[in-house]
Amino acid sequence: MADYLGNTDGRNLHIGIVVAQFNDLITQKLLAGAQAALQRSGVSAADITTWWVPGAFELPRAAKQMGASANVDGIIALGAVIRGETSHYDYVCSETARGLAQVSLEGPVPVMFGVLTTDTLEQAINRAGGKGGNKGADCAAAVLEMIHLPH
Ligand SMILES: Nc1c(NC[C@H](O)[C@H](O)[C@H](O)CO)[nH]c(=O)[nH]c1=O
Ligand SMILES: CC(=O)[C@@H](O)COP(=O)(O)O
C-alpha cells in the first residue's frame, strides 16, 4: 500500500509543503504530521520540499510559485490563523482560502488547504496532533488521493 501511494507510473512522488511561520508552535506540529504521514505512505523525505513564509496570507503566492518552479506532484499548504481582537482574522482566513483554492484550480498541481482557522489556541492545539487529530496528516492523505485521480 505504501509503495502505491508513494509513487506513480513507476517514479517517486515529489510533494511540496508551504508552511506559515506565524503561530509556529502550531504550524511546526502540522508540518511534522504531514511529513510523518507522507513517509508512512512511501514518500521519501528527500522528495519533500518545504518552504516557509511569514504568515497564512503569503501561502497562496508561495503555492503558486512552488507549483510553477519546484517540480512537485502536489502541494500541502499549512497555517494556523487564530482570532484576535479585530476583523483582521476574517480577511486573512477568507483571502488565504480563496487564494489557495484559486491556485489549486488554475495551477498545474492539487493544493491542499491545511490552514487551521480557530477562535482559540486550544482549538488549534487540538487539531495539530491533539484530540482533534492532525490537519497536516489529513492533508498528506488528501494530496496523495488527488494525485492518483484519473487524469
Ligand atoms: N494573525 C495571523 C496572521 N497574520 C499575518 C498574515 O498572515 C500576513 O503574514 C501579514 O498580514 C502580512 O501580509 N497570519 C497567520 O498565519 N496566523 C494568524 O493568526
Ligand atoms: C488572525 C489575525 O490576524 C489576528 O491574530 C490579529 O490579531 P488582532 O485582530 O488582535 O490584531
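Along the sequence shown, residues carry numbers from 1.
- Between the side chain of T27 and the backbone N or O of V19 there is no donor-acceptor pair closer than 3.5 Å.
- Scanning for side-chain contact (heavy atoms from CB on, under 4.5 Å) contacts around Q35 gives I17, L31, Q39, T50, with sequence neighbours left out.
- The distance from atom CG of N23 to atom OG1 of T118, rounded to the nearest 0.5 Å, is 8.0 Å.
- Residues V109 and I76 are members of separate hydrophobic clusters, defined by side-chain heavy-atom contacts under 4.5 angstrom among Ile, Leu, Val, Met, Phe, Trp and Tyr.
- Evaluation of the salt bridge (charged side-chain N to carboxylate O under 4.0 Å, His left out) test over residues 92-101, restricted to residues two or more places apart or in two chains, returns E95-R98.
- Taken from CZ in F22 to CG in L59, the straight-line distance is 12.5 Å, to the nearest 0.5 Å.
- Counting heavy atoms from C-beta outward, I15 and M112 have side chains that stay 4.5 Å or more apart.
- A search for side-chain contact (heavy atoms from CB on, under 4.5 Å) contacts involving A101 returns nothing, not counting sequence neighbours.
- For the atom pair CG (L144) and CG (L149), the distance works out to 11.5 Å, reported to the nearest 0.5 Å.
- Of all non-hydrogen atoms in P108 and G67, the two that sit nearest each other are CG-O, 3.4 Å.
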Name every donor-acceptor pair, under 3.5 Å, that has one atom in a side chain of residues 119-126 and the other anywhere in the protein, sequence neighbours excluded.
{"unit_1": "D119", "atom_1": "OD1", "unit_2": "R83", "atom_2": "NE", "d": "2.6"}
{"unit_1": "D119", "atom_1": "OD1", "unit_2": "R83", "atom_2": "NH2", "d": "3.4"}
{"unit_1": "T120", "atom_1": "OG1", "unit_2": "Q123", "atom_2": "N", "d": "3.0"}
{"unit_1": "Q123", "atom_1": "OE1", "unit_2": "D119", "atom_2": "N", "d": "2.7"}
{"unit_1": "Q123", "atom_1": "OE1", "unit_2": "T120", "atom_2": "N", "d": "3.2"}
{"unit_1": "N126", "atom_1": "ND2", "unit_2": "E122", "atom_2": "O", "d": "3.4"}

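- Take T49 and apply the side-chain hydrogen bond (donor to acceptor under 3.5 Å, both in side chains) test, not counting sequence neighbours, and it matches H14.
- Here the shortest heavy-atom pairing between G79 and A20 reads CA-CB, 4.2 Å.
- Taking hydrophobic clusters as Ile, Leu, Val, Met, Phe, Trp and Tyr residues chained together by side-chain heavy-atom distances below 4.5 Å, W52 does not share a cluster with F113.
- Each of L100, L78, V92 was checked for a side chain to side chain contact (heavy atoms under 4.5 Å, CB included) with V115, and the lone residue meeting it is L100.
- V143 is connected to L30 through a chain of hydrophobic side-chain contacts under 4.5 Å among Ile, Leu, Val, Met, Phe, Trp and Tyr, so both are in one cluster.
- Between I26 and A80, the closest heavy-atom pair is CG2-CB, 3.7 Å.
- Taken from CG in L38 to SG in C139, the straight-line distance is 10.0 Å, to the nearest 0.5 Å.
- Across all their heavy atoms, I147 and P110 have their closest contact at CG1-CG, 4.3 Å.
- Taking NE2 of H88 as the start and SG of C93 as the end, the distance is 10.0 Å to the nearest 0.5 Å.
- In this structure E58 satisfies the side-chain contact (heavy atoms from CB on, under 4.5 Å) test together with V53, P54, sequence neighbours excluded.
- Once rounded to the nearest 0.5 Å, the distance linking OG of S94 with CZ of F57 reads 9.0 Å.
- R61 pairs by the side-chain contact (heavy atoms from CB on, under 4.5 Å) definition with Q65, not counting sequence neighbours.
- Linking ILVMFWY side-chain heavy atoms closer than 4.5 Å, directly or via other members, places V111 and M66 in a single hydrophobic cluster.
- Counting only residues at least two apart or in different chains, side chain to side chain donor-acceptor pair (under 3.5 Å) contacts with residues 131-144 are absent.
- V43 and V18 fall into different hydrophobic clusters, where Ile, Leu, Val, Met, Phe, Trp and Tyr side chains are chained together by heavy-atom contacts under 4.5 Å.
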